[in-house]
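Reviewing the structure listed below.
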Number of protein chains: 2
Amino acid sequence: MRAAVALADRVGIEALSMRKLADELGVVPMALYKHVANREELLDGMVEAIVGEIDPPTAGADWKSAVRGRVLSARRALQRHPWARQAMETRTTKTPAVLDYMDSFIGMFRAGGFSIDLTHHVMHAIGGRMWGFTQELFDDAPRPGTAPRAPMPPEAQAAMMQQMAARYPNILAVAMASAHEDSAVGQGCDDQFEFEFALDTLLDGFERLHQQGWTSARARGQATGS
Amino acid sequence: MRAAVALADRVGIEALSMRKLADELGVVPMALYKHVANREELLDGMVEAIVGEIDPPTAGADWKSAVRGRVLSARRALQRHPWARQAMETRTTKTPAVLDYMDSFIGMFRAGGFSIDLTHHVMHAIGGRMWGFTQELFDDAPRPGTAPRAPMPPEAQAAMMQQMAARYPNILAVAMASAHEDSAVGQGCDDQFEFEFALDTLLDGFERLHQQGWTSARARGQATGS
DNA sequence: CTTGACACGTGTACAGCGTACGCCTACTTT
DNA sequence: AAAGTAGGCGTACGCTGTACACGTGTCAAG
């Protein structure tokens with residue numbers, strides 16, 4: 001796994017093949033399949049490793065600087081591994097380290113007193129920026145070419161829920177809240193709304209900066225008002 | 001090209017191979033290479049086609065609703081072709097339709113009276129959201145595995161500049177301004193700054209919403225303050 | 001001390017991929 | 001009529017992921 005990350009750092013993600021990695025390890029290609037089921041799972045593992053490099057949230061900080069610091073840490077991790085962004089974007093399954101990160105990320109807003117509802121929208125808005133770059137989050141839309149996962153037996157689902165509740169309380173809270181909301185849409189969350197929420201938050205910010213005659217804050221040595 | 005888009009719509013981008021596309025057209029694979037140099041160029045062309053589907057900016061609207069409408073149009077185009085997002089993210093060369101779109105996008109802010117400087121940062125901040133999703137823009141960082149493009153003879157470069165100036169005046173204006181800025185960094189633009197600018201714009205927006213006791217605007221039938 | 005399970009590596013094989021190279025045919029332009 | 005050109009064809013090469021069967025070594029239970 002570490003070797004895969006190192007190799008990708010050197011040759012990029014496209015050039016990382018099972019054969020090249022096997023060569024690197026002085027081993028025959030098929031040997032790798034004793035450790036991962038397939039190439040996809042290898043990429044999953046690599047992403048896990050990168051997510052693990054992100055610093056934990058600074059304890060005792062206000063929500064804003066906690067979030068800010070965490071995102072910048074994620075960005076640093078991504079910059080160390082330029083292939084990681086693309087790899088994350090193509091990943092479809094959410095692995096434990098990713099869920100951990102999301103859960104604790106949600107936790108930062110909750111600890112700052114954000115309502116579940118606002119937290120939910122805010123998570124969408126910050127989207128992949130939370131990874132040090134940007135992507136749509138919660139993107140469960142079935143893409144063509146990806147087979148729908150096999151349905152699980154109900155008791156297994158229940159057990160899964162238990163596990164989830166214990167390990168990812170914040171994710172669950174948000175998911176539950178958005179599931180039975182008294183909105184017009186009813187079940188699930190409204191992608192269009194989330195997109196416009198993020199867009200408008202940015203546009204409103206731009207408007208404010210423009211109205212107050214913003215000139216390069218860089219020269220003044222700070223970013224925005226924060 | 002149209003056939004490629006249609007096929008990708010059906011089977012996804014991963015499953016779109018030169019051979020499948022050739023089959024679709026009732027033709028032998030190598031026949032495709034009379035129309036495109038390679039698969040990359042095919043993808044470039046497909047992205048061009050999608051960008052061409054985005055509506056032109058509404059004439060006579062204020063900058064904010066012009067930008068808003070355009071982004072939502074881009075989003076609609078992307079939703080019609082779920083593979084397009086990923087395709088655009090892997091594209092490295094900026095093709096004419098893409099440059100046209102960027103130029104006219106910059107133009108919307110300029111027409112709204114934004115300074116070149118603010119426009120620049122704002123373009124970074126809105127990033128790929130301008131595409132109906134989100135990505136880092138102006139991302140010219142050389143990735144491993146991509147050969148550096150062959151350098152051009154200087155007179156060709158000059159001619160290129162002429163063309164650029166005529167066709168993409170807004171892009172050029174922004175590029176020029178950021179090239180010789182009196183900042184500490186000097187030449188080029190500061191990725192880190194741009195990232196933090198966008199992040200802080202969002203965080204400031206979140207803070208404002210939180211402070212004014214935001215509750216689901218969806219129930220009230222509007223997004224944010226706009 | 002033997003036996004079997006298990007983790008891990010090997011070798012061979014196959015189908016699918018992008019595409020280099022050379023050849024052929026039909027149509028347009030002169 | 002001649003020549004160029006746009007497009008399609010066939011073959012072939014090296015690369016990919018991975019299925020399947022077959023070793024080995026380590027270790028616990030009989």
Side-chain angles (χ1 to χ4, degrees), chain A residues 1-49 82-84 86-93 95-96 143-150, chain B residues 1-49 82-84 86-93 95-96 143-150:
Chain A
M1 202 71 272
R2 241 174 280 278
V5 169
L7 183 54
D9 284 345
R10 286 213 317 280
V11 304
I13 198 70
E14 328 251 76
L16 178 95
S17 70
M18 300 301 267
R19 288 172 143 93
K20 291 244 183 70
L21 177 56
D23 261 24
E24 190 83 1
L25 296 173
V27 123
V28 87
M30 285 312 291
L32 301 179
Y33 288 85
K34 297 292 169 172
H35 305 268
V36 293
N38 47 43
R39 190 183 133 95
E40 288 290 287
E41 199 174 294
L42 174 70
L43 292 180
D44 281 350
M46 293 170 65
V47 167
E48 290 273 288
W83 49 268
Q86 186 173 342
M88 299 181 79
E89 276 165 358
T90 61
R91 233 75 323 266
T92 171
T93 60
T95 46
R143 312 188 203 185
T146 50
R149 221 186 316 284
Chain B
M1 202 72 272
R2 241 174 280 280
V5 169
L7 184 54
D9 285 345
R10 288 212 317 278
V11 304
I13 198 69
E14 329 249 78
L16 177 94
S17 68
M18 300 301 269
R19 288 169 142 95
K20 291 242 184 69
L21 179 55
D23 261 23
E24 191 83 1
L25 297 172
V27 123
V28 88
M30 284 313 290
L32 301 179
Y33 287 85
K34 297 290 171 170
H35 305 268
V36 293
N38 47 44
R39 191 184 135 96
E40 288 290 287
E41 199 174 295
L42 174 71
L43 293 180
D44 281 349
M46 292 170 66
V47 167
E48 289 273 289
W83 49 267
Q86 186 172 343
M88 298 181 77
E89 275 165 358
T90 60
R91 235 78 318 269
T92 171
T93 59
T95 45
R143 312 189 204 187
T146 50
R149 219 188 319 283

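Numbered from 1 within each chain, the chains take letters A, B, ... in sequence-line order.
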Would a 4.5 Å heavy-atom cut-off, applied to side chains only, mark A:Arg91 and A:Glu40 as touching?
yes
I'd like the 5' and 3' limits of the part of DNA chain D contacted by chain A, with heavy-atom contacts below 4.0 Å.
D:dT16 to D:dC20
What residues in residues 32-41 of chain B put a non-hydrogen atom under 4.0 Å from any atom of DNA chain C?
B:Tyr33, B:Asn38, B:Arg39
Go nucleotide by nucleotide along DNA chain D from the 5' end; which of A:Met18 and B:Ala31 gets its closest nucleotide reached first?
B:Ala31
Working to the nearest 0.5 Å, report the span between CD of B:Glu48 and CG of B:Leu43.
12.0 Å
Provide, to the nearest angstrom, the distance between the CG atom belonging to B:Leu42 and the P atom belonging to C:dC17.
14 Å
If the condition is salt bridge (Lys or Arg N to Asp or Glu O under 4.0 Å), which residues does A:Glu24 pass it with, not counting sequence neighbours?
A:Arg10
Scanning both residues in full, the closest heavy-atom pair of B:Ala87 with B:Val47 reads CB-CG2, 4.1 Å
Can you find a pair of side-chain heavy atoms, one from A:Val11 and one from A:Trp83, that are under 4.5 Å apart?
no
Residues in side-chain hydrogen bond (donor to acceptor under 3.5 Å, both in side chains) with A:Glu41, at least two apart?
none
Contact list (N/O, under 3.5 angstrom) for nucleotides 11-16 of chain C vs protein:
none

List the residues meeting side-chain hydrogen bond (donor to acceptor under 3.5 Å, both in side chains) with A:Ser17, not counting sequence neighbours, and say none if there are none.
none
Those residues that, when tested against B:Met18, pass side chain to side chain contact (heavy atoms under 4.5 Å, CB included) (two or more places apart)
B:Leu32, B:Tyr33, B:Val36, B:Arg39, B:Leu42
With B:Glu14, which residues qualify under salt bridge (Lys or Arg N to Asp or Glu O under 4.0 Å), at least two apart?
none
Mind checking side chain to side chain contact (heavy atoms under 4.5 Å, CB included) for B:Ala6 and listing every partner two or more places apart, or none if nothing turns up?
none
